[in-house]
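See below for the structure under consideration.
Because only heavy atoms are used, hydrogens play no part in the values below, and waters and symmetry mates are left out as well, while side chains stay in. Fair warning: this is a prediction, and the values are worked out from it, not measured in the lab. Residue numbers start from 1 in every chain, and the chains themselves are labelled A, B, ... in the order their sequence lines are given, proteins ahead of strands.
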Amino acid sequence: MLDIKWISKNAAAFDAALASRNLEPMASSLANMDIKKRESMLKLQQMQSRRNELATAIGLAKKNNENTSELEEQANDIKSQIRGLEQDEQYWSNKLHDALSIIPNIPLADVPIGKDETANLCVRAVGSLPVFKFQPKPHYEIGENLGMLDFATAAKISGSRFVFLRDQLAHLERALKSFMLDNHTKNFGYEEISVPHLVNCDAMYGTGQLPKFSDDSFKTTDGKWLIPTSEVPLTNIVCNSSIDASLLPLRFTAYSQCFRSEAGAAGRDTRGMIRNHQFSKVELVSIVHPADGLAELERMTSAAETILQRLGFAYRVMLLSTGDMGFSASKTYDIEVWIPSESTYREISSCSLCTDFQARRMGARYKSSNESGFVYTLNGSGLAIGRTIVAMLENYQLSNGNVIIPEALVPYMDGVKELTRNER
RNA sequence: GGACAGAUGGCCGAGCGGUUUAAGGCACCGGUCUUGAAAACCGGCAAGGGGGAAACCCCUUCGUGAGUUCGAAUCUCACUCUGUCCGCCA
């Protein structure tokens, strides 16, 4: 949610930002709604003030046993006027709120302007690309040959875009979870959290999934939502609260399953576990003072990068362009890992500074003795575990079909150094 | 799922139709006193929004949402959450 006062004062900059996000200008129509809203609010408040005066007068008159019928007649008249004014005020207030609710965040000044992902900027590429003396296989073939990725059984039980991980690969998922959480808690000071996987509408609205992207998530029959990312419960920890500035920054990390309908992705990445309805992810969320937003974005990104470095993957960090950024973000780094079978990089993490955009939606403020305001929120994957498994199967595959376990993970795998087919 | 009890400012807690314009206490801040501190005493102390050049004025908020009333923390209805007991259950 953007500040309507800011929009009214910076109409040109706002419309330019919308244009950079491939949207039509809206500043004047929004400012007009705001004027209408405040006009109706003023009228309503003046009438309410009259009502309160009369009510007090009637109270006093009754106490003195005076006749109040004339006062009550006036009050009744005002009462009916208030009804109408309330409806006006509600109408404009809702109209403005609904309009603001579906407007994305404003990109920061250093974000490259562009229509789509082709305008993204490579900030750095790290690690050397693996060299294979054979044709590297895609992850789903490797996993199925090992007997550890089971799409057929998942199709029978759940449908397409689900998978069973079996045996050592199931263990590997557990190992990655612990490895990542340990890194973030021990080396970067994040608090480990175990989150609810069902949340209410307010939480989904707070982080920006609702109302515009309701088709992307799953809703339960009793009106709750399966989390599309633990960003939702983690960020909403601070909803409707005012945090003492001395407690900032707050840093949370959680492992969770994530559920996405992939409504708009029909036909994309249909094979394998790149794009499933359910996947596991370790998430990073920071709640910071506005002055610390940019530095925290760098810090968070480096926390996620550390995982890739320790696992020995080649990756690059992309600064997303205005046209490719998510709804709530003002600046986003995507981390992309090398996928040998496709000879390309694939997103494995996305770290975003959301400025006060989510904080306004969820009512998350900070206060100190001399200032107060909305906090800045950040979120990032650290990392998507499904895609980490993809990267591991592909980058560390051997010609015999086995897969090397990176050294950093071996202790988490009870000493297993290689995924090997188990004929059972 | 059933029964009962409850939800009031940062915290505790009174109030159950009209000077509540939310008592009182704790915490916190300022002052007096003190070498300094404590104690005591005095004073201050909610948030959000609207109007105004400003001084300042107004509106809303007592779990949430509707309703009754000239007037609601207080009455009615629904819902949410918390506690206790029963049932079921990993």
Side-chain angles (χ1 to χ4, degrees), chain A residues 1-9 30-101 194-206 210-211 219-225 233 236-248 250 256-257 356-375:
Chain A
M1 176 83 68
L2 297 170
D3 182 4
I4 182 62
K5 285 184 193 160
W6 182 88
I7 293 174
S8 300
K9 279 187 200 146
L30 289 170
N32 192 43
M33 285 181 213
D34 184 46
I35 289 168
K36 288 277 191 2
K37 178 195 150 182
R38 282 184 290 119
E39 279 173 359
S40 56
M41 191 182 270
L42 188 60
K43 279 187 203 157
L44 172 63
Q45 291 184 357
Q46 285 168 344
M47 205 53 84
Q48 283 172 327
S49 181
R50 268 298 283 155
R51 177 199 63 193
N52 292 346
E53 278 172 27
L54 279 170
T56 308
I58 290 169
L60 280 171
K62 288 214 164 166
K63 194 162 250 179
N64 299 330
N65 282 322
E66 292 165 13
N67 187 315
T68 60
S69 58
E70 197 173 314
L71 287 172
E72 287 189 35
E73 202 172 305
Q74 285 180 50
N76 264 320
D77 183 45
I78 283 173
K79 188 178 180 174
S80 61
Q81 290 187 54
I82 282 180
R83 291 242 157 116
L85 291 171
E86 273 173 347
Q87 280 176 3
D88 282 359
E89 196 272 340
Q90 272 294 311
Y91 174 82
W92 289 109
S93 182
N94 287 343
K95 191 160 172 155
L96 178 64
H97 185 267
D98 291 351
L100 288 173
S101 290
S194 176
V195 298
H197 285 50
L198 288 174
V199 298
N200 61 28
C201 295
D202 290 344
M204 290 285 279
Y205 177 83
L210 293 181
K219 191 178 187 180
T220 65
T221 51
D222 64 345
K224 291 195 166 39
W225 296 81
N236 275 286
I237 286 174
V238 297
C239 78
N240 298 316
S241 67
S242 185
I243 300 158
D244 193 312
S246 65
L247 297 174
L248 299 176
L250 301 175
S256 83
Q257 296 293 326
D356 58 358
F357 186 83
Q358 294 179 322
R360 276 179 198 282
R361 294 171 89 92
M362 64 177 70
R365 298 163 194 275
Y366 72 93
K367 61 161 189 279
S368 65
S369 54
N370 51 11
E371 59 154 1
S372 65
F374 291 103
V375 296

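Two residues are said to be in side-chain contact when any heavy atoms from C-beta on lie closer than 4.5 Å; A:Tyr91 and A:Gln87 fail this criterion. Using a 4.5 Å cut-off on side-chain heavy atoms (C-beta onward), A:Leu210 and A:Trp225 make contact. The closest side-chain heavy-atom distance from A:Glu89 to A:Lys43 is not below 4.5 Å.
Scanning both residues, A:Leu2 and A:Leu100, for their nearest heavy atoms gives O-CD1, 4.1 Å.
Across all strands shown, nothing is found opposite B:C45 as a Watson-Crick or G-U wobble partner with both distances under 3.5 Å. B:A5 and B:U82 make up a base pair, with Watson-Crick or G-U wobble contacts both under 3.5 Å. When both pairing distances are held under 3.5 Å, B:G52 makes no Watson-Crick or G-U pair with any nucleotide shown. With a cut-off of 3.5 Å on both Watson-Crick or G-U wobble distances, the partner of B:A22 is given as none. Using Watson-Crick or G-U wobble geometry with both donor-acceptor distances under 3.5 Å, B:C77 finds its partner in B:G65. In this structure, B:C88 forms no base pair with any nucleotide, since neither Watson-Crick nor G-U wobble geometry is met with both distances under 3.5 Å.
Using a 4.0 Å heavy-atom criterion, one finds that A:Lys62 contacts the bases of the nucleic acid, with or without backbone contacts as well. Among the heavy atoms of the strands lying under 4.0 Å from A:Ala75 are primed sugar atoms or P, OP1, OP2 only; no base atom is included. At a threshold of 4.0 angstrom between heavy atoms, the contacts of A:Arg83 are confined to the sugar-phosphate backbone, with no base atom among them.
Between the CD1 atom of A:Ile78 and the C1' atom of B:C70 there is a distance of 9 Å, given to the nearest Å. If you take CD of A:Glu86 and P of B:A66, they are 9 Å apart, rounded to a whole angstrom.
Between A:Thr56 and B:G18 there is no side-chain polar atom (N or O) within less than 4.0 angstrom of OP1 or OP2. Using a 4.0 Å cut-off, some side-chain N or O of A:Asn52 falls inside it from OP1 or OP2 of B:C59.
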Tell me, for nucleotides 45-55 of chain B in 5' to 3' order, what letter each nucleotide earns: B for a base near a protein heavy atom under 4.0 Å, S for only sugar-phosphate near one, - for neither?
-> ---SBSS----

